Colleague: 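So that we are looking at the same thing, I have put the structure below in structure tokens.
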Amino acid sequence: MKVTVFGIGYVGLVQAAVLADAGHHVCCVDIDPDKIAGLKKGVIPIYEPGLEALVLKGTREGRLVFTTDAAMGVGHGQLQFIAVGTPPDEDGSADLKYVLAVAETIARHMAGRKVIINKSTVPVGTADKVSAKVAAVLAERGESLPYAVVSNPEFLKEGAAVSDCQKPDRIVIGTSDSEAEKAMRELYAPFNRNHDKVIVMDVRSAELTKYAANCMLATKISFMNEIANLAELLGADIEAVRKGIGSDPRIGYHFIYPGCGYGGSCFPKDVQALVRTAQQVGYEPALLQSVEDVNYRQKQKLFQFINRHFKGDLEGKTIALWGLAFKPNTDDMREASSRVLMEALWAAGAKVQAFDPEAMDETTRIYGQRSDLKLVSTLEEALAGADALAICTEWQPFRAPDFERIKASLSQPVIFDGRNLYEPAALKAQGFTYYAIGRGDSISQNQ
Ligand SMILES: NC(=O)c1ccc[n+]([C@@H]2O[C@H](COP(=O)([O-])OP(=O)(O)OC[C@H]3O[C@@H](n4cnc5c(N)ncnc54)[C@H](O)[C@@H]3O)[C@@H](O)[C@H]2O)c1
């Protein structure tokens with residue numbers, strides 16, 4: 001099928017590459033000329049396992065093309081995906097200006113029937129707004145062309161985005177237009193062979209499904225963080241508690257890891273956006289607001305440990321930091337816990353010596369060159385001459401480090417672990433002071 005994707009970011013590029021790999025002809029449109037120029041030369045703007053090979057293959061075989069020419073994009077696809085960003089507005093609600101700008105572009109250039117697909121995460125009612133925008137522009141043009149607006153939320157996880165797109169758990173299609181449904185089923189047929197994963201529903205329910213999914217996951221994390229904070233105060237070990245509750249199949253082991261807060265481009269903004277949506281219809285979403293509040297507090301936690309350990313005197317101290325990305329296997333630093341920690345350390349006069357396997361360019365892009373941030377190219381280098389080690393991301397290479405070397409490199413053998421990677425008793429036996437999240441042992445030895 002002929003498909004156009006507007007917005008070639010984490011979602012749009014992955015979706016486009018996976019669709020092209022399945023045989024569809026995909027035209028990718030973005031307003032960022034550098035991104036498009038790079039992609040035309042085979043430069044992939046983000047890190048995502050498996051993505052580069054798919055993009056290069058699709059380009060080589062002529063099923064994936066990149067352009068800034070919106071008219072060309074609109075002309076190409078019978079299916080028009082909107083996959084642009086929906087960042088938080090000033091009050092936390094989702095800012096729809098990019099989505100509506102694409103709707104307007106499609107309406108300006110369309111010459112026949114189009115199925116317009118909202119792939120971006122958008123509040124309930126957005127399909128109606130997109131539809132109204134298209135109708136208004138067509139009226140202005142004096143045209144009456146057929147179109148349908150479909151909600152098709154994306155559930156991929158950064159870090160596993162390609163495989164999630166190739167093997168989706170479910171394909172949610174929100175539409176009451178039978179022709180559009182048929183086209184969507186045909187588009188996704190290559191990914192729907194093992195058993196039927198397509199769930200068709202009305203547009204508003206599809207829009208809400210995406211928020212409900214992310215808010216449920218964020219709730220699990222904040223719940224665990226709250227119990228972890230209690231475990232610290234009560235002298236219990238959250239790791240034992242995690243196993244104890246995860247064994248109940250109604251709870252399960254997924255997504256109940258405590259830590260230094262969730263980040264990324266989705267959970268924080270989607271929880272906030274659903275809070276605003278609820279308030280707009282006169283409902284006070286007490287649970288969702290708390291999910292957000294607990295997460296905000298959790299992101300301060302590592303700094304509080306560090307500040308307490310150094311008795312409030314961080315001036316001139318150097319903290320080695322492992323992990324900058326908001327989670328492993330991505331270079332995305334949007335809302336990352338590492339940013340909250342680094343900014344608090346800098347405000348207190350400390351320096352940061354950091355390593356991340358993928359997110360160092362992104363760190364430079366965000367913070368530029370500064371005297372209190374040194375980015376180094378190995379995890380060992382980050383330790384050299386530092387006063388303590390802090391960990392913000394659970395990258396695989398951080399899980400079994402050479403503890404003797406850590407001890408020898410740091411001026412004090414102290415680790416602040418925001419992802420609970422190590423065993424407190426083992427670290428204590430090796431002479432470390434070890435702070436982790438909700439692990440009674442690690443906390444009590446430091447009190
Ligand atoms: N990142 C994720 O893991 C993820 C997962 C599921 C859903 N989503 C949702 O998908 C949407 C996109 O997220 P993302 O992380 O891919 O965003 P992103 O910021 O990585 O990419 C958005 C792209 O859209 C482009 N753009 C903006 N206006 C445009 C226009 N008028 N025409 C063409 N391109 C335009 C930008 O230049 C940018 O390249 C958001 O609504 C997000 O909530 C994201």
Side-chain angles (χ1 to χ4, degrees), residues 4-18 27-39 44-49 51 66-74 77 80-89 93-109 116-123 126 130 133 151-165 168-172 206-207 209-215 217-218 262-274 325-327 329-336 362 365:
T4 297
V5 180
F6 282 89
I8 306 307
Y10 283 86
V11 168
L13 182 58
V14 173
Q15 182 71 52
V18 167
C27 177
C28 301
V29 187
D30 203 287
I31 48 170
D32 180 341
D34 295 339
K35 193 180 263 192
I36 293 297
L39 280 160
I44 314 301
I46 53 169
Y47 173 73
E48 199 48 61
L51 181 61
F66 299 97
T67 184
T68 52
D69 181 349
M72 173 182 153
V74 178
Q80 302 271 319
F81 274 95
I82 304 179
V84 296
T86 45
D89 219 334
S93 55
D95 184 347
L96 292 178
K97 69 170 176 275
Y98 303 108
V99 170
L100 294 175
V102 177
E104 180 167 353
T105 301
I106 295 170
R108 283 262 163 253
H109 299 290
I116 300 166
I117 305 153
N118 278 341
K119 177 61 88 184
S120 301
T121 301
V122 288
T126 302
V130 167
K133 172 63 82 180
S151 166
N152 173 221
E154 181 53 60
F155 298 98
L156 64 76
K157 300 181 287 296
E158 281 182 28
V162 170
S163 60
D164 283 350
C165 262
D169 300 324
R170 74 286 215 197
I171 300 164
V172 171
E207 290 171 334
T209 296
K210 174 63 194 174
Y211 282 100
N214 275 358
C215 290
L217 294 170
Y262 59 74
S265 70
C266 294
F267 292 178
K269 88 169 166 58
D270 292 350
V271 173
Q272 271 182 48
L274 193 55
F326 87 91
K327 68 172 180 178
N329 297 319
T330 181
D331 58 355
D332 198 342
M333 286 184 62
R334 289 178 282 187
E335 305 279 340
E362 184 59 5
R365 191 188 67 76

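Quick caveat: nothing in here was measured; it's all calculated off a predicted structure. Just follow the structure's listing: the first ligand is 1, and inside any ligand the first atom is 1.
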Colleague: Nearest 0.5 Å please: distance from the OG1 atom of T330 over to the CD1 atom of I46.
Modeller: 7.0 Å
Colleague: Which ligand 1 atoms are under 4.0 Å away from a heavy-atom of T86?
Modeller: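 In order of number, 40 (C), 41 (O), 43 (O).
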Colleague: Indicate yes or no for a side-chain donor-acceptor contact from E48 to the backbone of A160 under 3.5 Å, with no hydrogens or angles considered.
Modeller: yes
Colleague: Between ligand 1 and K157, can you find any atom pair, the residue atom being a heavy atom, that is separated by under 4.0 Å?
Modeller: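 No, K157 has no heavy atom closer than 4.0 Å to ligand 1.
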Colleague: Considering only heavy atoms of L156, which atoms of ligand 1 have at least one such atom less than 4.0 Å away?
Modeller: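 The atoms of ligand 1 under 4.0 Å from a heavy atom of L156 are 3 (O), 5 (C).
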Colleague: Where's the contact between V29 and ligand 1, heavy-atom distance under 4.0 Å: side chain, backbone, both or neither?
Modeller: backbone
Colleague: Test of understanding: given a 4.0 Å heavy-atom threshold, classify the contact between K35 and ligand 1 as side chain, backbone, both, or neither.
Modeller: side chain
Colleague: For ligand 1, note which part of R334 has a heavy atom under 4.0 Å away: side chain, backbone, both or neither.
Modeller: side chain
Colleague: With atoms numbered from 1 as shown, which atoms in ligand 1 lie under 4.0 angstrom from a non-hydrogen atom of K269?
Modeller: 42 (C), 43 (O)
Colleague: Near K210, which atoms of ligand 1 are under 4.0 Å from a heavy atom of that residue?
Modeller: 6 (C)
Colleague: Which of the atoms of ligand 1 are close to G85, meaning less than 4.0 Å from one of its heavy atoms?
Modeller: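 Once the distances to G85 are compared, the set is 22 (C).
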Colleague: For the atom pair NZ (K269) and CZ (R334), what is the distance rounded to the nearest 0.5 Å?
Modeller: 8.5 Å
Colleague: Between Q80 and V74, is there a donor-acceptor pair closer than 3.5 Å when you use the side chain of the first and the backbone of the second?
Modeller: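 Yes: the side chain of Q80 pairs with the backbone of V74.
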Colleague: With a heavy-atom distance limit of 4.0 Å, tell me whether S265 approaches ligand 1 through its side chain, its backbone, both, or neither.
Modeller: side chain
Colleague: To check your reading of the model: name the closest protein heavy atom to atom 9 (C) of ligand 1, its residue, and the distance in Å.
Modeller: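 Of every protein heavy atom, T121 OG1, 3.4 Å lies nearest to atom 9 (C) of ligand 1.
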Colleague: Show me which atoms of ligand 1 lie under 4.0 Å from any heavy atom of V102.
Modeller: 30 (C), 31 (N), 32 (N)
Colleague: Of the backbone atoms (N, CA, C, O) and the side-chain heavy atoms from C-beta on, which set of A83 has a member under 4.0 Å from an atom of ligand 1: side chain, backbone, both, or neither?
Modeller: backbone
Colleague: Got the closest protein heavy atom to atom 24 (O) of ligand 1, with its distance?
Modeller: G7 CA, 3.3 Å
Colleague: Any nitrogen or oxygen of E158 lying under 3.5 Å from a nitrogen or oxygen in ligand 1? Just yes or no.
Modeller: yes
Colleague: Evaluating non-hydrogen atoms only, which member of V122, L100, V84, V11 is closest to atom 11 (C) of ligand 1?
Modeller: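 The option holding the nearest heavy atom is V84.
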Colleague: Of the listed options (I31, D34, D30), which comes nearest to atom 27 (C) of ligand 1 when hydrogens are ignored and any heavy atom counts?
Modeller: I31
